Participant: 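I have a structure here, written as structure tokens, and I will follow up with some questions on it.
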Amino acid sequence: MTITYEEALSTLQSMFSPQGYTQQQLDSVLRHFGGHMENCVECILVHGDGSPEELIRKLSTLPAGSAGDGGGNAAANDIDADEELTRQLAAEDTFQ
């Protein structure tokens, strides 16, 4: 399911306004990640208790499309882990 940019921004506001993020700051983060809401949420959560202003300053050092994982490999790592788990489960079934 695809949501509009406005819906994504509204969702981010409902999630992160209580932590002090303004609509403009969330818009900056969302635009940095090309409207990819999952990357936005991950970036803000990884930023933790740091100030929203600090995150906005850091955006220029983060690769677009990455949530600060050193190159955007989180999804690939998840797939690799899933494949390994599948192999292990298949091997267990073979031995039973």
Side-chain angles (χ1 to χ4, degrees):
M1 178 173 140
T2 304
I3 63 172
T4 66
Y5 187 87
E6 291 77 18
E7 290 170 326
L9 185 57
S10 177
T11 300
L12 290 171
Q13 284 180 269
S14 68
M15 294 170 69
F16 297 109
S17 289
Q19 286 82 13
Y21 285 88
T22 66
Q23 179 178 357
Q24 183 178 5
Q25 290 165 330
L26 292 169
D27 179 67
S28 295
V29 177
L30 190 56
R31 287 186 187 282
H32 179 79
F33 291 106
H36 194 279
M37 199 168 132
E38 287 180 17
N39 287 350
C40 263
V41 170
E42 183 179 353
C43 179
I44 294 169
L45 292 175
V46 167
H47 183 63
D49 292 334
S51 73
E53 294 81 11
E54 183 182 337
L55 177 59
I56 298 304
R57 283 192 299 273
K58 282 184 180 178
L59 281 180
S60 64
T61 66
L62 297 176
S66 166
D69 63 3
N73 292 325
N77 290 340
D78 287 347
I79 291 170
D80 290 343
D82 289 347
E83 288 175 351
E84 179 61 27
L85 179 59
T86 301
R87 283 192 285 279
Q88 290 172 359
L89 292 172
E92 287 177 12
D93 286 344
T94 304
F95 291 114
Q96 291 181 2

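Keep in mind the model is a prediction, meaning the values are calculated, not measured.
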Participant: Any side-chain heavy atom of Leu45 sitting closer than 4.5 Å to one from Phe16?
Facilitator: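 Result yes, sub-4.5 Å side-chain heavy-atom pair found.
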Participant: When rounded to the nearest 0.5 angstrom, what is the spacing between OG1 in Thr61 and NZ in Lys58?
Facilitator: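 Interatomic distance, Thr61 OG1 to Lys58 NZ, rounded to 0.5 Å: 7.5 Å.
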Participant: Are any non-hydrogen side-chain atoms of Leu26 and Ile44 less than 4.5 angstrom apart?
Facilitator: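 Yes, close enough: below the 4.5 Å cut-off.
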Participant: Do any N or O atoms from the side chain of Ser10 and from the backbone of Glu6 form a donor-acceptor pair under 3.5 angstrom?
Facilitator: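 No, because the side chain of Ser10 does not come within donor-acceptor range (under 3.5 Å) of the backbone of Glu6.
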Participant: Find the distance between NE2 (His32) and CG (Leu59) and round it off to the nearest 0.5 Å.
Facilitator: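 It comes to 5.0 Å.
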Participant: Output every pair passing side chain to side chain donor-acceptor pair (under 3.5 Å) with a member in residues 13-22, not counting sequence neighbours, ordered by first then second residue.
Facilitator: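 The answer is Thr22-Gln25.
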Participant: Could you tell me whether Glu54 atom CD has more than 12 heavy atoms of other residues or ligands within 6.0 Å of it?
Facilitator: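 It does: Glu54 CD has more than 12 such atoms within range.
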Participant: Indicate yes or no: at least one non-hydrogen side-chain atom of Arg31 is less than 4.5 angstrom from one of Tyr5.
Facilitator: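 Contact flag for Arg31/Tyr5 side chains = yes.
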Participant: How many angstroms lie between CD in Glu38 and SG in Cys43, if you round to the nearest 0.5 Å?
Facilitator: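 These two atoms lie 13.5 Å from each other.
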Participant: Is there a side-chain contact between Leu9 and Thr4 (heavy atoms, below 4.5 Å)?
Facilitator: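 SC-SC contact between Leu9 and Thr4 ruled out.
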Participant: If you look at every heavy atom in Pro52 and Gly20, which pair is closest and at what distance?
Facilitator: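 Shortest heavy-atom contact: CG-O, 3.7 Å.
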